[in-house]
Amino acid sequence: MEYKRLEIYVWWTCNQKCTYCMEFPNMEKAWTKKVSKLDILKKLLKYKLDWYNHVTYLWGEPFIQWVFLDSLILAKKFDYTVLVTTNATTLHIEKQAQKFLPYIDELFLSVEALTIEDQQKISRTKNYVHWEKVFENINKYWNWKMLKANIVITQDNLNILFEIVKYLNEKWVKTWTMLII
């Protein structure tokens, strides 16, 4: 079967304001924009009829969106392979991971920091990714089809880059993408 991938940018909000994010000003202006389950259903159906078989949910932080679980369920009902990009700030919550992860085939984690101080400097928020708990939940509730780590290298985390890579290698993340800003 031919690989045909659909990208759905249905989220206009994020729970971080990362120093490197070029989209944040646009997202901030569009935070009131809402997408319905019907909007997503129409898009998934339209592209399924054109033989698309993969869907990627990205932009903003999908796990904080009210329609995200429904989006995942719909994609699986249409037999899409589902890829999600995430900053993982909510995947440490067991109920959250248990609810969402079974519907996801491929996961891209954005990992820019390991300590609360570094995370808050980069994210410009009080958010902190509890990576130990995130990986515990991933191991518990996800089927590990494909896991990638995305590291955006900035002046704020360049000095800890090797610590991040070492940590993720210990957690079985073997595929990397890096963006240097």
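In what follows, every heavy atom counts, from backbone to side chain, and hydrogens, waters and symmetry copies are set aside.
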K140 (side chain) donor-acceptor with E94 (main chain) under 3.5 angstrom: no

Side-chain heavy atoms of T56 within contact of F108, under 4.5 Å: no

Nearest-0.5 Å distance that lies between atom CG in N143 and atom CD1 in I138: 11.5 Å

Exam field: side chain W131 to backbone A88, donor-acceptor pair closer than 3.5 Å: no

Sequence neighbours excluded, every pair satisfying ring pair (Phe, Tyr, Trp, His ring centres under 6.0 Å) that has a member inside residues 71-101: F63-F100, F68-F100, H92-H130

Min side-chain heavy-atom separation D118-N157 under 4.5 Å: no

Residue list, side chain to side chain donor-acceptor pair (under 3.5 Å) with Q120, at least two apart or on another chain: none

Pair K133 + E136: basic N to acidic O under 4.0 Å: yes

Fellow cluster residues of I116, listed by chain then number, with links counted only when side-chain atoms sit under 4.5 Å apart: Y128

Atom pair CH2 (W66) and CD1 (I64), whose distance is rounded to the nearest 0.5 Å: 14.0 Å

Atom of A75, atom of L44 and distance for their closest heavy-atom approach: N-CD1, 3.7 Å

Side chain to side chain donor-acceptor pair (under 3.5 Å) against E132, all qualifying residues, sequence neighbours excluded: Y167, K171

Under 3.5 Å: donor-acceptor pair, side chain of N87, backbone of T89: yes

Donor-acceptor contact present, side-chain N53 to main-chain E2, <3.5 Å: yes

Reported NZ-to-OH distance for the pair K46 and Y52, which is rounded to 0.5 angstrom: 8.5 Å

Partners passing salt bridge (charged side-chain N to carboxylate O under 4.0 Å, His left out) against E106 (at least two apart in sequence or in another chain): none

Residue pairs fulfilling salt bridge (charged side-chain N to carboxylate O under 4.0 Å, His left out) with at least one residue in residues 69-85, sequence neighbours excluded: K76-D105

Distance, nearest 0.5 Å, that separates NZ of K48 from CG of L41: 13.5 Å

Pairwise distance CG(L101) to CG(L107) - rounded to 0.5 angstrom: 6.5 Å

Side-chain donor or acceptor of Y47 paired with backbone N/O of V55 under 3.5 Å: no

